[in-house]
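Accompanying notes for the structure given below.
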Amino acid sequence: MKSNNLIYKATAIAPANIAFIKFWGKKDSQLNIPFNDSISMNLNRCQTKTYVKFNSELKDDVVIVNKKRIEGTEKNRVVAILDKVRKMSGLRMFAEVVSENDFPSNAGIASSASAFSALALAASVASGLGLSKKDLSILARLGSGSACRSIYDGFSYWKKGRDSKSSFAVQFAKPDFWDVADIVAVVDTGRKKTSSTEGHNQALTSPYFKTRLNELKIRTPLLKKALLDRNFQKFGELVEEEAVSLHVCAMTSKPPIFYWNRGTMEVIETVFGLRSEGILAYFTIDAGPNVHVICRNKNIKRVEKNLKKLKSVLFTITNKPGLGARLEKNDNN
Ligand code: DP6
């Protein structure tokens, strides 16, 4: 029997990113509008591949992440993006979404940025929408704020904007702009106790939150300049200051959130030790205990060696500035 089954599909790959100036606290938690601009670098060794297949025979959306079918809130976040794409394209079909990370799913590395930027690109292409990078950044942001920074190659700048239309990222520098690396020292593979989404909501309860926003008015342009000047020492100092600021805010939220553990402190001390030996390495930490150590390419081996020696470091992932969201050429799905 001839089937009239219609299928529209696409596969995309997108990177996670590490923020040097961080998104913390949402002005609008439905639309993921931040209180402040942020700056990030894509991680070339932490990527998600996602295929989206709109299929006229499906009776519901099916979402499979790292080989497991997901339901509930997690699935709803994906369906919200599919709904948005269906609305924009006029396509009235359910979709099968299959998503896989190329980094260990237990590495404690937030995969929402890579997942939602890959989903935004794959879903919009599959549905026939020819979205610009700006519109893809907006669509990815609706899934997870930080995902809007994973659309472009290399380094990105997310201008906070006033509303959904004006809150998106732009490319700040290409991947080969700077020979820097991010070595992730994984000290915990468990799921974090407080998600970044909850952290954002609690941020406003910290008495330090307003001070942080005022500090960012100075820190953000300084870091932007240090990056453009390729002034690694200045850049590193600001990256650390920023990471500590986020965590002071988290620790002083009500209730307080302590993302750090003993391993986190051990890695921080190792970074200080490296600097006392003349190796420029700096730390930054997202909403979890794992530490991102930023260094120049020439120092990668030395930094990796010192990190791997630590009992609390389970493994490391060495990243260079990566490409942004792109389509997979040989789409065999
Ligand atoms: C600490 O983008 O993960 O990594 O929009 O709720 O998904 P949701 O939050 P998310 O927050 C990222 C927080 C951060 C800092 C950053 O990446 O800028």
Side-chain angles (χ1 to χ4, degrees), residues 14-43 46 48 65 73-78 80-81 101 107-120 137-151 155-161 164 167-169 172 182 184 191-204 206 209 212-213 216 219-220 223 238-251 253 257-260 264 283-292 294 319 322:
N17 64 68
I18 181 65
F20 301 129
I21 293 288
K22 297 180 187 293
F23 159 43
W24 200 242
K26 296 180 183 178
K27 213 168 211 169
D28 184 321
S29 52
Q30 294 301 311
L31 297 172
N32 294 336
I33 313 273
F35 275 94
N36 61 278
D37 295 359
S38 54
I39 302 176
S40 64
M41 177 182 102
N42 290 339
L43 304 180
C46 299
T48 301
V65 177
T73 329
E74 254 184 290
K75 180 184 173 185
N76 293 344
R77 269 176 94 169
V78 173
I81 298 299
N101 296 334
I109 295 166
S111 54
S112 64
S114 50
F116 281 101
S117 48
L119 174 68
S137 179
I138 292 173
L139 182 62
R141 192 206 73 229
L142 294 170
S144 175
S146 55
C148 76
R149 297 186 309 237
S150 286
I151 297 296
F155 300 79
S156 297
Y157 191 101
W158 177 8
K159 191 111 190 61
K160 63 180 186 221
S164 197
S167 186
F168 55 88
F172 187 59
D182 171 3
V184 189
R191 215 186 153 83
K192 53 195 176 204
K193 283 172 223 81
T194 312
S195 69
S196 45
T197 307
E198 288 169 285
H200 284 295
N201 293 338
Q202 271 169 235
L204 278 74
S206 163
F209 185 69
R212 168 175 158 72
L213 290 183
L216 281 173
R219 193 184 297 129
T220 306
L223 190 138
L238 292 162
V239 164
E240 275 188 6
E241 194 181 289
E242 167 63 359
V244 172
S245 159
L246 182 152
H247 287 274
V248 165
C249 197
M251 289 175 197
S253 292
I257 310 168
F258 289 88
Y259 286 113
W260 299 9
T264 314
F283 69 83
T284 181
I285 306 162
D286 278 344
N290 299 321
V291 186
H292 294 247
I294 314 295
N319 295 277

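Whatever order the structure lists ligands and atoms in, that order sets their numbers, starting from 1.
The shortest heavy-atom distance from Arg141 to ligand 1 is not under 4.0 Å. Note on ligand 1: Ser38 sits outside its first shell, no heavy atom being nearer than 4.0 Å. Not a single heavy atom of Glu242 lies less than 4.0 angstrom from ligand 1.
Contact detail for Asp37 and Tyr157: the closest heavy-atom pair is OD2-OH, 2.6 Å. Shortest non-hydrogen contact noted between Ala147 and Ser112 is CB-O, 4.0 Å. The two atoms that bring His247 and Ile285 nearest to each other are NE2-O, 3.0 Å, heavy atoms only. The two atoms that bring Ser114 and Ala16 nearest to each other are CB-N, 3.4 Å, heavy atoms only. The two atoms that bring Ile81 and Leu139 nearest to each other are CD1-O, 3.5 Å, heavy atoms only.
Side-chain atoms of Arg149 and Ser117 form no donor-acceptor pair, as typed in the model, at a separation below 3.5 Å. In the model, Lys26 has no side-chain atom that pairs as donor or acceptor with a side-chain atom of Asn201 under 3.5 Å. A donor and an acceptor atom, one from each side chain of Trp24 and Ser196, are nowhere located under 3.5 Å apart.
On a distance-only criterion, Arg77 and ligand 1 share at least one N/O pair closer than 3.5 Å. At a 3.5 angstrom cut-off on N or O pairs, Ile21 does not count as close to ligand 1. Residue Gly145 has at least one nitrogen or oxygen atom sitting less than 3.5 Å from a nitrogen or oxygen atom of ligand 1, judged on distance alone.
Interface atoms of ligand 1 facing His200, defined by a heavy-atom separation under 4.0 Å, are 6 (O), 9 (O), 10 (P), 11 (O), 12 (C), 13 (C). Proximity to Ala19 (heavy-atom distance under 4.0 Å) selects the following atoms of ligand 1: 16 (C), 17 (O), 18 (O). Using a 4.0 Å cut-off to heavy atoms of Thr197, the atoms of ligand 1 that qualify are 6 (O), 7 (O), 8 (P). Taking every heavy atom of Ser112 and a limit of under 4.0 angstrom, the matching atoms of ligand 1 come to 3 (O). Shown in contact with Ala287 at under 4.0 Å from a heavy atom are these atoms of ligand 1, numbered in order with element: 1 (C). In summary, the atoms of ligand 1 found under 4.0 Å from a heavy atom of Ser146, numbered by their order in the structure, are 2 (O), 3 (O), 10 (P), 17 (O). Within ligand 1, the atoms closer than 4.0 Å to a non-hydrogen atom of Ser196 are 3 (O), 9 (O), 10 (P), 11 (O), numbered from 1 in the order shown. Residue Ser144 approaches ligand 1 through these ligand atoms, each under 4.0 Å from one of its heavy atoms: 2 (O), 3 (O), 5 (O), 7 (O), 8 (P), 10 (P).
Within the 3.5 Å criterion, the main-chain N or O of Asn101 finds no donor-acceptor partner in the side chain of Thr48. At least one donor-acceptor pair under 3.5 Å links the side chain of Asn36 to the backbone N or O of Lys22.
Contact annotation for Asn32 and ligand 1: only side-chain heavy atoms (C-beta onward) come within less than 4.0 Å of the ligand.
Atom 15 (C) of ligand 1 has as its closest protein heavy atom Phe23 O, 3.4 Å. In this structure, atom 8 (P) of ligand 1 lies nearest to the protein heavy atom Lys26 NZ, 3.5 Å.
Exactly one of Ser150, Ser146, Ser38 qualifies for a side chain to side chain donor-acceptor pair (under 3.5 Å) with Asn17. That residue is Ser150.
Ranked by closest heavy atom to atom 17 (O) of ligand 1, the top entry among Lys22, His247, Arg149 is Arg149.
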